[in-house]
Amino acid sequence: MIEVVDKIPNDVLSSMGFMGHEQVVFCNDKKTGLKAIIAIHDTTLGPALGGTRMWNYKNEMDALNDVLRLSRGMTFKAAISGLNLGGGKAVIIGDANKEKTEQLMKSFGNFVDSLGGKYITAEDVGMTPQDMEYVRSTTKHVTGIPESMGGSGDPSVFTAYGVYMGMKASAKFKWGSDSIHGKRVLIQGVGHVGYYLMKHLLEEGAEVLISDIDHNKVENYCSKFGVTSVESNTDIYSIDMDIYSPCALGATLDSVTIPKLKCSIVAGAANNQCADENIHSDLIYNRGIVYAPDFLINAGGLINVYSEIKGYNREKSLLKTKEIYDTTLEILLNSETNNITPQDSAMKIALNRLHKK
Ligand code: NAD
């Protein structure tokens, strides 16, 4: 049933810039129509944990590229957060609004189960608590379970809190005060994480701008919370703002968008915000914009699901997520002292932990 690919042609991986995955599993189930990929990047620190994303990828190569990038990011996210977890991720290829069935989810669970706990899954973009219930009916290697079923609930609450902490630490570094009061913050993508982040920012008195392809959501939040909408099809990168917070999909920071940015800080939840982690984090750094590394500040959700595995304690999860403030500040100060990008500064800490093992 499972096809284990231990050698993907080098030209595919090197053209994408990715190497070092331990195992990549292509899941094909003709009966349910399931097409998924599970990527296990590194299990040095523990089982590979990472959510499952369902997305209507243009082609299979895009799906492979996404899952390889995301799983690699999870390794470093767990390492920098001090968690005993490895990095993994899964993608299901298909339209989450049209192609989901109970049987498809159960079939995906079977594939996860066959890995014997080497990969633990959770909810990500395009998946719902109901979907995860179906997945859980065929495998126990699932976390981020709803509170009603004895789990830790929606991880987005913790992710948003961590992003908020990382944003405040970046403000402290840039402006000498961590207050976001009166600062103009653009949130791109007001989904699960963006919504809770918006609420933290509003509570602190920030001026919040939101942009989302879901117009109903934008209209609703504008009238309910008094935030300002920015059309998602306009050139949002050129807007005058203090902080740009990417909370939709990754790779929005590239050679076209970075030169346009008028903000002082980039701090958001999306994974892999830089299209190319080295080239584009350099470009941001050279423009004098403070970049809070995504894999560091969006770790709150992972911290919370890790706690679920170890014996859930909400207060402890919140305290651990709050530490993202101190780690972000340390990384930004280290980046300044050593004249390296915050991305490199963060990667050094993560790699040190992996190599010590
Ligand atoms: P979500 O699907 O709930 O929200 C994403 C939002 O972005 C949706 O409202 C969608 O309409 C919008 N969107 C999509 N494309 C857009 C575009 N081009 N312009 C503007 N808006 C667009 O997802 P989420 O759970 O809130 O996660 C957001 C991001 O944070 C994702 O990249 C995810 O991988 C990352 N992340 C999430 C968590 C978590 O705990 N949920 C943890 C770590 C990282």
Side-chain angles (χ1 to χ4, degrees), residues 49-57 66-67 69-74 76-78 80-81 83 85 87-91 95-97 121-129 131-132 143-145 151-166 186-199 209-221 229-237 239 244-254 257 267-275 292-308 317 321 324:
L49 195 153
T52 297
R53 171 174 294 190
M54 183 160 184
W55 195 253
N56 207 4
Y57 292 99
D66 205 26
V67 77
R69 280 168 62 96
L70 289 166
S71 53
R72 179 176 175 273
M74 293 306 292
F76 301 122
K77 192 186 300 199
I80 204 164
S81 307
L83 309 176
L85 289 173
K89 202 87 184 179
V91 295
D95 187 332
N97 293 319
T121 196
E123 196 180 321
D124 194 61
V125 177
M127 298 288 278
T128 65
D131 300 328
M132 297 316 292
T143 185
I145 291 158
S152 61
D154 184 0
S156 314
V157 177
F158 291 82
T159 304
Y161 181 57
V163 171
Y164 178 52
M165 287 297 109
L186 170 72
I187 304 177
Q188 182 185 34
V190 273
H192 289 95
V193 180
Y195 171 80
Y196 291 114
L197 177 64
M198 174 181 74
K199 294 196 85 174
L209 284 70
I210 61 169
S211 167
D212 199 296
I213 49 171
D214 183 337
H215 299 289
N216 292 335
K217 210 186 276 179
V218 170
E219 252 176 51
N220 180 15
Y221 293 167
S229 84
V230 177
E231 277 296 325
S232 58
N233 58 1
T234 57
D235 189 4
I236 67 162
Y237 306 98
I239 287 173
Y244 165 50
S245 185
C247 294
L249 295 178
T252 59
L253 297 164
D254 59 27
T257 58
N271 288 308
N272 301 321
Q273 290 164 25
C274 290
D294 48 16
F295 70 97
L296 164 67
I297 71 166
N298 73 10
L302 184 66
I303 290 168
N304 197 49
V305 294
Y306 180 67
S307 163
E308 182 178 311
S317 286
T321 305
I324 288 175

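Since the structure is predicted, the reported quantities are computational estimates derived from the model, not experimental observations. Whatever order the structure lists them in is the order used to number ligands and atoms, beginning at 1.
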How long is the straight-line distance from CG of Leu186 back to OG of Ser245, given to the nearest 0.5 Å? 8.0 Å
Nearest neighbour in protein (non-hydrogen) for [atom]:
| atom | answer |
| --- | --- |
| atom 12 (C) of ligand 1 | Asp212 OD2, 3.3 Å |
| atom 4 (O) of ligand 1 | Gly191 CA, 3.2 Å |
| atom 26 (O) of ligand 1 | Val193 N, 2.9 Å |
| atom 25 (O) of ligand 1 | His192 CB, 3.7 Å |
| atom 18 (N) of ligand 1 | Ile213 CG2, 4.1 Å |
| atom 2 (O) of ligand 1 | Val125 CG1, 3.7 Å |
| atom 44 (C) of ligand 1 | Ala269 O, 3.3 Å |
| atom 34 (O) of ligand 1 | Arg53 NH2, 2.8 Å |

Shortest non-hydrogen contact from [X] toward [Y]:
| X | Y | result |
| --- | --- | --- |
| Ala270 | Leu249 | CB-O, 3.6 Å |
| Ile303 | Ser317 | CG2-O, 3.9 Å |
| Pro246 | Gln273 | CG-OE1, 3.5 Å |
| Lys217 | Gly191 | NZ-CA, 3.8 Å |
| Tyr196 | Ala160 | CB-CB, 3.4 Å |

Does any N/O atom on [X] come nearer than 3.5 Å to any N/O atom on ligand 1?
| X | answer |
| --- | --- |
| Ser232 | no |
| Ala248 | yes |
| Gly194 | no |
| Asp214 | no |
| Gln188 | no |
| Asn298 | no |

At under 4.0 Å between heavy atoms, what of Leu70 touches ligand 1? The answer is neither
Ligand 1 atoms in contact with Lys217 (distance to a heavy atom under 4.0 Å): 8 (C), 9 (O)
Is the closest heavy atom of [X] to ligand 1 under 4.0 Å?
| X | answer |
| --- | --- |
| Glu123 | no |
| Lys77 | yes |
| Cys247 | yes |

For atom 41 (N) of ligand 1, which of the options Gly126, Ala122, Ser156 provides the nearest non-hydrogen atom?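 The nearest heavy atom belongs to Ser156.
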Look only at the side chain of Thr52 and the backbone of Val91, and say whether a donor-acceptor pair between them is shorter than 3.5 Å.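 Absent.
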